Each structure stands twice: as structure tokens, then as C-alpha cells.
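First the structure, in the form of C-alpha cells, and then the observations on it.
Below, all heavy atoms of this structure are taken into account, side chains as well, without hydrogens, waters or symmetry copies. Every chain is numbered from 1 and lettered A, B, ... according to where its sequence line falls, protein lines coming before strand lines. No experiment lies behind these values; they were computed from the predicted model shown.
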Amino acid sequence: MIKITFPDQKIREYPEGSTALEIAKSISEGLARNVISAKVNGEVWDATRPIKSDATLQLLTWDDKEAKSTMWHSSAHLMAEALEFFYPGIKFGIGPPVDNGFYYDVDLGGQSISSDDFKKIEDKMLELAKQGNKYVRTEVSKKEALDYFSKKGDEYKLDLINELEDGQITFYQQGNFTDLCKGPHIPDTSIIKAVKLTNIAGAYWRGDEKNKQLTRIYGITFPKKSQLDEYLVMIEEAKKRDHRKIGKEMEIFTFDDDVGPGLPLWLPNGAVLIEQLEKLAKRSEQNAGYMRVRTPHIAKESMYQTSGHLPYYEDSMYPPMVLEGEKYYLKAMNCPHHHKIFKELNPSYRDLPIRLAEYGTCYRYEQSGELFGLMRVRSLQMNDAHIYCTKEQFADEFRAVNEMYLNYFKIFNIEKYVMRFSTHEPKKLGVKYVNEPALWLETEDMVRKVLIDSKIPYVEVPDEGAFYGPKIDVQVWSAIGREFTLATNQVDFAVPARFGLEYRNSANQMETPICIHRAPLGTHERFIGFLIEHFAGNFPIWLAPKQVAILPISEKFNDYAKKVLQSLINSDIRGLVDLRDEKIGKKIRDAEIKKLPYMLIIGEKESNEGSVSVRKHGQGDVGSFSIAQFTQMIQDEINKQLNLN
RNA sequence: GCCGAUGUAGCUCAGUUGGCCAGAGCUACUGAUUUGUAAUCAGUGGGUCGGGGGUUCGAAUCCCUCCAUCGGCUCCA
């Protein structure tokens, strides 16, 4: 007998070699039906794998994240079986679970596949699923594994096996399909009740663009048909929040073929959003002791040689303009310009820290396939600043920057984000990173310490640093689930020295400052793209391009409506009047669709009283107020949203 | 940049076994109506069918090519 410890710390005895599934059955048949996999001693296992000694056991059902992964991993195998049925000779790369489903990379040889073929593959998968074939795990020797896939002629699997150690190789087989796989898997295919292939795309073998491009087929499965329906509804809802759709509807931005790809035009409503964001940034930066600077959009090649950017990033900068024998580049970053300003200021230690801020306009020649609405563009304006400080000041400065982030997140009600702390990879010193091993370790420790001291949750990712130092990126997700870096906070211990930046210390010696690059509001482009999706276009009133729509009931009240508008403008409130010869219901409907936060309905009663009848977007009638009362109401709401009270 | 898909009026879309002057709704404009909390009625205007080339008696429709967008891959100072 073996002792099994359950999550509630209860211990029960079972025969040696019992499986999680059998144990579940001993508790209840219903539970057993829902078991997808199991966590044995903290490791996810097949629910059908015998447990041979004392262990802790957690049964995993669909509600557990790990169970979903198991399910989708098994689904990838099921799809592979269906694909092999339709496309004999097909070769398989990797087929893992992902956040929303799974994919399998395949090499179809000369055959082709398109989304038109999805239906037949889905049907085949469901047919195979109904057979309830068991996923059978076998341990094989390296030689057996190599023999099997040599016979099959699948060079991708051979490639994978060659990297594995003998004695640790397992196969899984269900129905007519056998795959190299470390598992775990669901007990049998009958758990898969709903199947949807979602997408088809190219993907390089092992993610290397020098390798052959395989066909990647994405799909998702569920244990209940209704869950698939819910998922499809969710996808539809997400599409409605897409910033490209709302940005067009609300006339925020546009792209034009003649202007060029990735070069957005900000329409008047978008320009208001930008102005409000800049107002917020300028105020918080002023309070935090920043000084504003302004720099040109281009610079000579020599500056980017000095900064060291050229060898790393020349390919993603617009090609240079040659004037009088000199090469000029459109700037892709603001730091070198700011470094030059620091040098000109010629500070002593008493002047530090020096914080230089600019909403700098940059141009980056992003690969054409990378462009994506406002989220990835070629012209961008960054909420940039560079803080020059001593080593002793670094922790306080870095902490203050993080606090500024968190304050912004409160204002924008951003709750779902991840701080990603990127460090260097020692093997790539001198290639991807400046060759200063001691400084890397020292600054990484400083950053880590600040994060821990400030109790900011973060994940550490090796080999993702900037070439000049470690950094923190703030990751957020777009409505359609794509992950983005919204903001960034970077340490630079290398470039100031390259520019010969120095300050005089208290002992009258010259020292090089540390530089912090920070952009809490990222770029206007990405930040506004994100905000559109975050708020689904229903901006908080302080940010809304138009805050109030004035809707006269008939032409007779147009003059009073114009008077109300003027009064709002005098109080710095952004409004519009709908003077069209339409019925009030139509004007309200249009204002609601345009997501205008407030509507003022104006008729005979209001014009006689000098009042306005207030309707709130998405809520309806909220009553009658004097113009002064309404103005105060709006201003109070704005102050509250910006934490200005 | 690579793989795949898509591109018809300002917007959303119909029109593909190739065949009258390419359609609808919304928007815009004009007129009637003077309206009380999510669509008043009528009329008018608007399209190089993404660009270029080809096949054909005839191309939005078939072929080639370029451009742009979308989904991924790679990249991201």
C-alpha cells in the first residue's frame, strides 16, 4: 500500500500502482469523469500513470490551468492523427498547447492546406474523439525512437530526439498515431467534445528564420460543446473592442496609402487624446522634478556611432539621407540627443539627479509584416525621459520611476499587467550586450533589490536586456489577446561613458553618471491603441475627445444650444451641438453610438429656465441641472479621475 | 523580410459556371416636418471594383505582377 496526501492534507492508503483516475473513482464516479490529468508530487502526470510510492496528489479538472494544457496538448495529437489521415507522408515539427488552444507545425511536402480544409479536419477529429482511444505512454530507448522516425522519414522528430538523453524518451500513441512526447495526456480521446481549428500560419522550424518554414495550424478544443460556443462569443466581443475598428468609428486615427505603412494620421479626436495624455505626463513629470527639453528629429551618423546604436539597430532605422557628404539618420531613439544636452549642462554632483523629459518623435523601420494598427508603427512619439544620477541615488530614482508607473496605472484603471525584469546572458557579452560583466551583475542586483524592497511583483527573463543594461518592461494584453510592452524602464551604465558624460564629485574628481531610460506611458501610438481597447472606446471624461453633446429638441432651441456650448467652452469643457433637423431620439441614438460621455437635451423648458437636461452615456436620464451645476459636476468628476482632489 | 488569407461608394456589405449602363443599408446633400430621452418621410449625389499588365468578342469575376491590410513566424533601442 502507498500513502496518498490530498490537497486538504488528508492521507489515504491505496494499492501500489494505483492511478489518479482509479483514486478519483474511489472518491466518486462524477469526479472521475471530470479528471483530465493529475499533479503528482507537484508534477503534472497522466491520470492513467501508475503511482508507485507515497505521493501528494491533486486531481486536475477543466477548471485548472494545467488541465487545459493537458487537454490541448492531447488535442494537438488528435489533430495530427486527422492530418495524417488526409495528408499521408506529412511530417511533424512540434505541437504544444498555448494560452488559447494548441498548434502543430507540419511539413506537408508538396501538398497544400487552407482554412477551407478545416471543416473536414474538425469532423475527422470529432469522429476519432468519439472512438475514445486511449493515450498510451511507452518508454523507448533512443535507438528505438530514432529507428521509428527514420522509417517514417520525419527529420524534424529525429532532430528533436538527437537532443534528448537515452532513458528519458517516451512515446504516446492514440488510435493510429504515435508521437515523440514527454506528456502528460488525457486518459482517452472521448473527453474532447468540441473542436475548432482557428488559424493557419507560417512558422520557422525552431523559430529560426534561416530554417525551413513549416505550416502552423492552430486550434482549440473543449470538453463541452457549450464551452466552444461561449468561447466563440467571447472572441466576437473582443473583436468589437479592437482599436482598429473603434479608432475608425470614433475618428481617432487613420492610415493612408500615400503617407505610407505604419505612419498614422491623427484625426482631431485623436489629437485631443494626445493632448490630454501629454498634459498628464507634463504635470506628473514637473512634480517629480523633471526638466523638459526639445531635440531635432534627425542627427548625423557620427552620433549613432558614438552611442553604439548603429551596429545593433541600423537595419531597423530608416536609411540615411546624404547631405554635403554627411549621412543623417531619422532618430529612432531620443537618448543620444539627451546625452548631448546633459554634456552641455556640465553639472556637478550638486546638480544631480538631472531628469530630462521630452515627448520625442522617433521613426523606426519596422519589418513590414510586423506592423499592426497603432500597436506597432513606424512613426511614434515616446513619453521619454533620461535620468542621470550617481550610483548612490540610483535606487531612489528607480523606485520613483516605478511609483510613477503605478500611479498612472491607477488613473487608467489598469489592473492586468506584468512587470518583466530582463537581464543579460553572459555568453553573449560583446555580441548582444556591451562587454562589462561586473557592471551587468551590479546593476541587475540594484534593480532586483528595488523591486523586492518595493514589493512589486515581477518575473525575471534572462537574455532579454537592452544592449546597454538591464530593464523592466510592463506587459499588457490587447483586446484580441496579443501581448504588448506598454512601458519600459531601463538602466544604462554603458552609453553615458561612450559620450564622455561626467560630473564633478564632492572630491573634485570626474565621474560618469548612471542613466535611467524610462517611458511609463510608452508611445502615444501604442498607449492610445491600448486605451481604446481597455475602455472599449468609452473613455473617462477627462480623456474623452468630446465630453458633451448638446442636443436641441427642435430648431427653435438652436440658439440656446449654441449659448450652452459657448459656456462649456469657457469652462474648458469639450462639447458639440447637433444642429441637424432630426428628431431627438435620433440625435440621442447617434450620440450614444459615438460613445459621448454626456448628452444635454435642450427644449422649451430648459431654454426658459436656463437649465440643461442631462443624460449619461450608457445610463440614461440623470435629471435637470443649471449650466453652472453641470459644469461643476464635470469638473469634479475629472478631478476625481485624475486624483487631483 | 517569410508563410497564408483578404482588398467592391466615406462606412458595413451583396454581386465569382466571365455577359444589359455594378447593387443595398447607413453617411452626406436638398426638401418636407418642428419633434422630449437609442433610427420621421421623400428626393439627390457618390464607385479608376487596391494599382499595373495579360487572356477574351466581352473581366469586379480567369492569369501574372506590384501595393496595402489582416493572421502568424522572426524582430523590438
Check residues 618-625 of chain A and write down every donor-acceptor pair under 3.5 Å in which the side-chain atom is one partner and the other belongs to a residue at least two apart or another chain.
| residue | atom | partner | partner atom | Å |
| --- | --- | --- | --- | --- |
| D621(A) | OD1 | G623(A) | N | 3.1 |

* Structure fact -> Applied to residues 91-120 of chain A, the ring pair (Phe, Tyr, Trp, His ring centres under 6.0 Å) test, sequence neighbours excluded, yields F92(A)-Y104(A), F92(A)-F177(A), Y103(A)-Y218(A)
* **With sequence neighbours excluded, residues passing salt bridge (charged side-chain N to carboxylate O under 4.0 Å, His left out) with K587(A)** => none
* To do: Classify the nucleic acid contact of R216(A) as base, sugar-phosphate or nothing, counting any heavy atom under 4.0 Å across all strands shown.
  => sugar-phosphate
* **Pairing residues for W440(A) by the ring-ring contact (aromatic ring centres under 6.0 Å, His included) criterion, not counting sequence neighbours** => H424(A), Y433(A), F493(A)
* Partner set under salt bridge (charged side-chain N to carboxylate O under 4.0 Å, His left out) for K340(A), not counting sequence neighbours -> none
* To do: Using salt bridge (charged side-chain N to carboxylate O under 4.0 Å, His left out) as the criterion, list what pairs up with E444(A), not counting sequence neighbours.
  => none
* Asked: Counting side-chain heavy atoms from C-beta on, which of C75(B), C73(B), G36(B) comes nearest to I601(A)?
  -> G36(B)
* To do: Mind telling me whether Y468(A) and H517(A) have parallel, tilted or perpendicular rings, with 30° and 60° as the class edges?
  => parallel
Please list, for nucleotides 24-31 of chain B, all pairs of protein and nucleotide N/O atoms separated by less than 3.5 Å.
| residue | atom | partner | partner atom | Å |
| --- | --- | --- | --- | --- |
| U27(B) | OP1 | K586(A) | NZ | 2.7 |

* To do: Please state whether the phosphate of C70(B), meaning OP1 or OP2, lies under 4.0 angstrom from any side-chain nitrogen or oxygen of R244(A).
  => yes
Distance-only criterion, 3.5 Å: show the donor-acceptor pairs between side-chain atoms of residues 520-531 of chain A and protein atoms not counting sequence neighbours.
| residue | atom | partner | partner atom | Å |
| --- | --- | --- | --- | --- |
| T523(A) | OG1 | R526(A) | N | 3.0 |
| H524(A) | NE2 | E278(A) | OE2 | 2.9 |
| E525(A) | OE1 | Q381(A) | N | 2.9 |
| R526(A) | NE | M375(A) | O | 2.8 |
| R526(A) | NH1 | T485(A) | O | 2.7 |
| R526(A) | NH2 | M375(A) | O | 3.0 |

* Asked: If only side-chain N and O atoms of S368(A) are considered, is one of them under 4.0 Å from the OP1 or OP2 phosphate oxygen of G1(B)?
  -> yes
Side-chain donor-acceptor contacts of residues 309-318 of chain A below 3.5 Å, not counting sequence neighbours, with atom names and distances?
| residue | atom | partner | partner atom | Å |
| --- | --- | --- | --- | --- |
| H309(A) | ND1 | S307(A) | OG | 2.8 |
| E314(A) | OE2 | Y329(A) | OH | 2.7 |
| S316(A) | OG | Y313(A) | O | 3.2 |

Detail all sub-3.5 Å separations between protein N/O atoms and N/O atoms belonging to nucleotides 4-6 of chain B.
none

* **Where RNA chain B forms stems, i.e. three or more consecutive Watson-Crick or G-U pairs with both distances under 3.5 Å** => B:1-7 with B:67-73, B:10-13 with B:23-26, B:28-32 with B:40-44, B:50-54 with B:62-66
* Asked: With sequence neighbours left out, what residues match E237(A) under salt bridge (charged side-chain N to carboxylate O under 4.0 Å, His left out)?
  -> K240(A)
